[in-house]
Amino acid sequence: MIATPLRVRFAPSPTGFLHVGGARTALFNWLLAKRLGGTFLLRVEDTDKARSTDESTRAIFEGLEWLGLTWDEDVVYQGANYDRHRADADRMLAAGKVYRCFCTSAELDERRAAAEASKEAFKYDRRCDRLSAHEIERRVADGEAHVLRFRVPEGSTRWTDLVHGTITFPNKDIEDFVILRSDRTPIYNHAVVSDDIAMGVTLVMRGDDHISNTPKQILIYEALGATLPTFAHLPMIHGTDGKKLSKRHGATAVGDYQHLGILPQAMVNFLALLGWSPGGDLEVMSLEELIERFDVDGLLKKAAVFDTQKLEWMNGQHLSRLPLDELMPRVTPAIIAAGLTTTDAISARDAWYRTLLDLLRVRARTIDDIVRQARPYFVDQIEYDAEAVAKQWKDRAGSCAILAATREALATLEPFTAEAMEAELRALAERLGTTGGKIFQPLRVALTGLTVSPGIFDVILLLGREGTIARIAAAERFLTD
RNA sequence: GGCCUCAUCGUCUAUCGGUUAGGACGUCACCCUUUCAAGGUGAAGAGACGGGUUCGACUCCCGUUGGGGCUACCA
């Protein structure tokens with residue numbers, strides 16, 4: 001079913017950002033190429049000059065690179081192959097597979113509207129295919145604008161799809177479609193086939209919104225005398241309303257998720273599970289594990305809904321499991337961008353920084369969560385969260401007294417370790433006739449300004465004895481104001 | 001409208017004729033506990049409907065219904 005050597009491609013049109021659906025298609029092609037030792041190609045379909053932009057092409061490259069989906073050969077720009085598209089079209093014209101059509105867009109629109117008005121399905125009536133040879137010659141000689149139309153033969157067109165099995169289209173339902181515009185630029189279906197043949201693509205894997213294009217493309221392959229590739233049509237990705245994912249569903253570009261603090265590993269993992277299943281219960285996988293397990297047998301037919309909550313959960317999983325060395329280059333730039341510190345300051349205390357990240361990542365779902373939680377460990381002056389103050393420092397004088405006692409206990413504590421701190425503070429609680437929690441919670445607010453943080457002794461160790469004492473003193477001042 | 005296609009918990013999915021229909025996200029409860037996460041345990045929650053085929057259907061076939069895609073001198 002799958003020819004070797006395998007050559008697959010991802011062929012986006014540069015009319016926007018890299019969409020998650022497109023990213024998923026690219027990922028599946030890439031995974032299969034990696035798994036089977038094939039070649040993954042990238043082709044930019046920029047033949048719609050009105051909508052294609054360089055900015056969008058760049059965004060697509062950036063998106064793919066961020067996900068780690070690198071392509072093997074030079075990028076192919078469809079717009080650079082007009083000569084071949086025309087040559088292939090002319091070859092089919094010479095072979096009698098296509099014919100010249102002089103009907104104008106305006107005429108066609110009119111006939112289409114008329115058909116619709118009388119509730120009939122519109123299909124081109126082939127009137128130009130009935131023109132006499134010398135009339136065609138005359139009109140061409142007169143320089144009359146015309147397109148090239150494919151003469152769809154009798155019969156039916158079928159193929160064995162890797163995900164859907166056999167799909168058959170009666171040719172009578174396919175109209176004689178245009179392959180070359182009157183300005184001699186190619187129409188999508190023709191350009192795709194011409195390019196896929198030239199690029200030696202052996203397997204076409206794309207969204208199933210292309211199923212109805214496939215019979216037309218197969219007819220072109222046949223008319224050109226080329227070998228058919230294998231086809232695999234992937235299910236769509238839908239929004240929570242069951243409709244094709246689009247702008248109104250919120251973030252749909254992979255770049256959006258990058259900026260939301262999602263790791264590329266998590267994005268890839270999540271996308272891989274939309275329309276494919278490894279068969280068992282395994283869900284959280286690294287790129288290597290994905291490559292190892294990816295298989296066309298696990299491809300699904302049903303459209304999947306993009307669930308951002310599960311994406312975030314998965315991101316949390318990757319955040320916790322990734323080796324610190326791989327995580328740091330993704331988080332550090334965000335921390336620096338937030339203005340919390342500098343590269344130099346971090347490298348000056350590498351061990352401290354690693355400990356901090358290790359403590360924060362467990363309770364974060366996104367990189368942004370980590371940045372938010374990291375603030376108290378970098379700034380000089382922390383801010384007290386209003387709710388935290390209201391809840392933990394309700395009794396200002398009492399809290400202040402407890403903080404003072406805590407400060408004194410910590411000031412001379414030896415050794416300055418978590419174990420010693422806990423023993424000391426719990427003993428203090430007992431002397432005060434209260435519980436550990438009554439000391440730890442107000443202390444947490446004093447040290448971080450928040451009710452949420454890593455274990456309190458970890459926080460103290462992170463801040464150091466001096467920092468801790470200073471923060472408690474500052475809290476005491478705040479409480480006695 | 002026509003053509004194509006899809007159909008298991010709210011969501012992602014396992015099941016390739018015989019299971020108490022399994023797992024994950026989310027939800028709820030409990031445990032752990034200095035907070036929040038993480039982790040652990042448990043609960044609620046699904047085969048769209050109707051016909052067949054078969055000793056036996058979620059699974060195979062047909063139909064119905066519902067969803068989606070396509071229907072351009074767009075890609």
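Residue numbering restarts at 1 for every chain, and letters A, B, ... go by the order of the sequence lines.
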NA contact type, A/L282, heavy-atom cut-off 4.0 Å: base, sugar-phosphate, or nothing? nothing
Taking any heavy-atom pair under 4.0 Å as a contact, classify A/C103: base, sugar-phosphate, or nothing. base
What contact category does A/S52 fall into here, base, sugar-phosphate, or nothing, at under 4.0 angstrom with non-hydrogen atoms? nothing
With a 4.0 Å limit, can you tell me whether A/S277 has a side-chain N or O closer than that to the phosphate oxygens OP1/OP2 of B/A14? yes
When the ring planes of A/W71 and A/F61 are compared, do they come out parallel, tilted or perpendicular, using 30° and 60° as the limits? tilted
Using a cut-off of 4.0 Å between protein heavy atoms and nucleotide atoms, how would you tag nucleotides 59-72 of chain B 5' to 3' with B, S and -? ---------SSS-S
Under 4.0 Å, heavy atoms only, any strand: does A/G298 hit a base, just the sugar-phosphate, or nothing? nothing
Under 6.0 Å between ring centres, would you say that holds for A/F177 and A/Y124? no
Under 4.0 angstrom, heavy atoms only, what part of the nucleic acid is A/T240 near: base, sugar-phosphate, or nothing? nothing
Cation over ring, A/R100 on A/F102, under 6.0 Å and within 45°? no
Any A/R181 side-chain nitrogen or oxygen under 4.0 Å from OP1 or OP2 of B/A75: yes
Sole residue of A/L93, A/I220, A/D90, A/V178 in side chain to side chain contact (heavy atoms under 4.5 Å, CB included) with A/V98: A/L93
If we ignore angles and hydrogens, is there a donor and acceptor under 3.5 Å between the side chains of A/R158 and A/T166? no
Go through the side-chain N and O atoms of A/T185 and A/R181 and say whether any donor and acceptor fall under 3.5 Å apart. yes
By ring-ring contact (aromatic ring centres under 6.0 Å, His included), which residues pair with A/F10, not counting sequence neighbours? none
Should B/C60 form a Watson-Crick or G-U wobble pair with both distances under 3.5 Å, which nucleotide is its partner? B/G52
Whom does B/A7 pair with, Watson-Crick or G-U wobble, provided both distances fall under 3.5 Å? B/U65
Which value, in whole Å, describes the distance between the C1' atoms of nucleotides B/G10 and B/G18? 30 Å
Phosphate-side-chain proximity, A/K302 and B/U8, N/O vs OP1/OP2 below 4.0 Å: yes
Does A/L300 reach a base, just sugar-phosphate, or nothing at all? Heavy atoms under 4.0 Å. sugar-phosphate
A/K301 near the nucleic acid: base, sugar-phosphate alone, or nothing, with a heavy-atom cut-off under 4.0 Å? sugar-phosphate
From B/C73, B/A75, B/C25, nucleotide with atom closest to A/S105 side chain: B/C73
Over 60° means perpendicular and under 30° means parallel, so tell me whether A/Y221 and A/F231 are parallel, tilted or perpendicular. perpendicular
Hey, does A/G279 reach any base, or is it just sugar-phosphate, or nothing, if we go heavy atoms under 4.0 Å? sugar-phosphate
Can you check the distance between B/U15 and B/C60, where both ends of the measurement are the P atom (answer in whole Å)? 12 Å
With the sugar-phosphate defined as primed atoms, P, OP1 and OP2, and the base as all remaining atoms, what B/S/- string results for nucleotides 31-48 of chain B, 5' to 3', for protein heavy atoms under 4.0 Å? ---BBBBSS---------
B/A43 and B/G23, which share atom name P, separated by this distance in whole Å: 10 Å
Quiz question: going by heavy-atom distance under 3.5 Å, is there a donor-acceptor pair between the base of B/A24 and the side chain of A/K310? yes
Rounded P spacing from B/G45 to B/C55 in Å: 35 Å
What's the closest nucleotide to the side chain of A/E283 if the choices are B/C3, B/A24, B/A75? B/A24
